[in-house]
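Every heavy atom of this structure was used, including side-chain atoms; hydrogens, water molecules and symmetry mates were not. Predicted, not measured: the structure shown is a model, and the values here were computed from it.
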Amino acid sequence: MGIVAARAAGTSMGTPVDADYTSANGTSMATPHVSGAAAILAQRHPDWTADRLKQVLVGTAKQGSYTAYQQGGGRVDVPKALDATVYSSPAVVSMGKSSAESAPVTKTVNYVNTSAVDTTLSLRLFTVGETAPPMDGTFTLSDTNVTVPANSTKSVTVTYHPELGAMGDCTAVITATATDGTAVHTTVGATKDVPTVDLTVKTIDRHGEPASGELAVLNLDTGAFNQVYPDNGTKTVAVPQGRYSVMGLVHTRDKASSQVTDYTLAGEPVVELKADRTITLDARLGKEVKVATPENSEQNSFKLGYRQQLPGKIGMDFLKAVSSPLWDHAYVVPTKPVELGMFEFHFQQRRYAPMIQASYAEKGGALPLEQVMYAARLYGTSALQAVDAGMARPEGLTGKDLGGRLAVVTRDATRKPIDLITAVADAGAKAVVIVNDRPGPFATVVKGRVPVSSS
């Protein structure tokens, strides 16, 4: 928009014009200037409401050679706005989105006369197609001449006829001109699209409970897609009629802690949406994805998702990267054979020799431990006597011999894990197991000098 304005000394934002001014584009320049214009109006007319300030600024703006989606209402004209006695409310009218089958949409425009004399206005409607030339009659006015009584209002209606014209955006400007030549403008906008339907997605976790998730609703023909995040197990979105892929991940959470423990890929790769429809993604139908190795191993991270594309169309590459000691399991709900275009299931996983394994001496039975990330490691095989160190508080450690032993510490949510570790390390512990203080899985990250595991 090429605004030239004063600049502070020593700054170089935009393109400096000289020592005192700079030129720049965008809302970073438009916003403060329009705000300043509103402040000038409010100073002159302290009784004006915020809504009136807005309507007057928009309605008196100078029209350019651009469309409404390019210039909005135009360039602010402060002198004209200061002296305006007639304005339209609203100054911007949205007709919303319709289809060719939709009924005509009618909105009301009120002309407000704040002067002490009646004002006659001549109304002219100019229509512009944003994406294609408009057809005559796309927008119509109920009147072409109105007289607004002194200190009163007069209403007219503007109607959008979606059965006319091509798909896309269409705008119009209503110019109301008084007998003295002053004019106010009202900007009207509408969008014509294909008919839409309501797609409701329901997600169920592996416990049978309503689930959160992260889904992609892909129009297989246009490539347009919506990211959908079900809230409490359901989400409804309006989409144009067509062929879609409705796929994504369903979260299963630990009931006690609400932490995500598992991801399940589910959905319908190809679905024809001609009417409102509900699709259910049920994680209980999922089959676990397992990777076998010759030696005992554990996963460190995995990627779960799919790729889909119709010939010559824009496709989808959906791949969720997961990295946490808590996320050991990935599931997939089998789909029917996909005969339309390309559809590939993707799973990548890295597995390593277990970082830590523990069992009770002479009793067997593995302990469910997770190596704390970035903590020092206990290499080799060790037989350590376990000592209950409580929450590693000074009073709890008094009199306890931790030298060269395994300190079993109960998590203290009021303190950092590193502080618990430091306390038992100073008391001579060789290794630490931090036990959760509440139901549910537990993992943490620390940097310490003593080997640590969580349970």
Side-chain angles (χ1 to χ4, degrees), residues 205-207 251-263 296-302 321-330 349-455:
D205 71 9
R206 296 188 60 77
H207 304 307
H251 303 160
T252 295
R253 297 178 181 270
D254 174 73
K255 291 185 177 181
S257 66
S258 295
Q259 293 189 65
V260 176
T261 56
D262 302 315
Y263 290 90
N296 189 22
S297 65
E298 62 184 15
Q299 71 89 23
N300 175 266
S301 62
F302 64 81
V322 173
S323 179
S324 169
L326 300 181
W327 299 329
D328 291 331
H329 305 284
Q349 186 184 69
R350 291 187 177 185
R351 301 188 68 87
Y352 303 85
M355 291 186 180
I356 186 168
Q357 292 177 293
S359 62
Y360 296 105
E362 300 178 356
K363 295 182 179 180
L367 296 177
L369 300 181
E370 297 287 356
Q371 175 75 23
V372 173
M373 295 178 66
Y374 306 123
R377 296 187 183 182
L378 185 65
Y379 291 99
T381 301
S382 299
L384 302 177
Q385 181 179 355
V387 178
D388 183 2
M391 289 188 170
R393 301 184 184 212
E395 61 272 19
L397 297 179
T398 301
K400 290 190 176 180
D401 182 10
L402 296 180
R405 299 182 177 185
L406 172 67
V408 180
V409 178
T410 300
R411 176 189 178 195
D412 183 351
T414 65
R415 299 159 66 196
K416 296 179 180 180
I418 189 63
D419 295 332
L420 307 180
I421 297 166
T422 300
V424 295
D426 290 343
K430 184 177 181 180
V432 184
V433 170
I434 302 178
V435 181
N436 201 3
D437 64 337
R438 65 201 68 182
F442 170 59
T444 188
V445 177
V446 299
K447 292 183 179 181
R449 65 181 188 274
V450 177
V452 188
S453 291
S454 61
S455 174

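Residues passing the side chain to side chain contact (heavy atoms under 4.5 Å, CB included) test with Y379, sequence neighbours excluded: R377. Looking at residues two or more places apart in sequence or on another chain, you find a side chain to side chain contact (heavy atoms under 4.5 Å, CB included) between P441 and D254, S257, Q259, T261, L326. With sequence neighbours excluded, no residue satisfies side-chain hydrogen bond (donor to acceptor under 3.5 Å, both in side chains) with R206. A search for ring-ring contact (aromatic ring centres under 6.0 Å, His included) contacts involving H251 returns Y263, not counting sequence neighbours. For the side-chain hydrogen bond (donor to acceptor under 3.5 Å, both in side chains) test, residues two or more places apart in sequence or in another chain that qualify with R351 are S297, Q349. The side-chain hydrogen bond (donor to acceptor under 3.5 Å, both in side chains) check on D437 picks up nothing, with sequence neighbours excluded.
Note: Q357 CD to N296 CG = 5.0 Å, rounded to the nearest 0.5 Å. Here the CD1 atom belonging to I421 is positioned 7.5 Å from the OG1 atom belonging to T444, to the nearest 0.5 angstrom. Taking CD from Q385 and NZ from K430, the interatomic distance works out to 13.5 Å, rounded to the nearest 0.5 Å.
Counting only residues at least two apart or on different chains, the side-chain hydrogen bond (donor to acceptor under 3.5 Å, both in side chains) pairs with a member in residues 406-421 are R393-D412, R411-N436, D412-T414.
The shortest heavy-atom contact between A256 and G440 is CB-N, 4.1 Å. When all heavy atoms of V424 and A389 are compared, the closest pair comes out as CG1-CB, 4.0 Å.
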Give the table of side-chain donor-acceptor pairs shorter than 3.5 Å for residues 395-409, with sequence neighbours excluded, one pair per line with atom names and distance.
residue : atom : partner : partner atom : Å
T398    : OG1  : P394    : O            : 2.9
K400    : NZ   : D388    : O            : 2.4
D401    : OD1  : G403    : N            : 3.2
R405    : NH1  : D401    : O            : 3.4

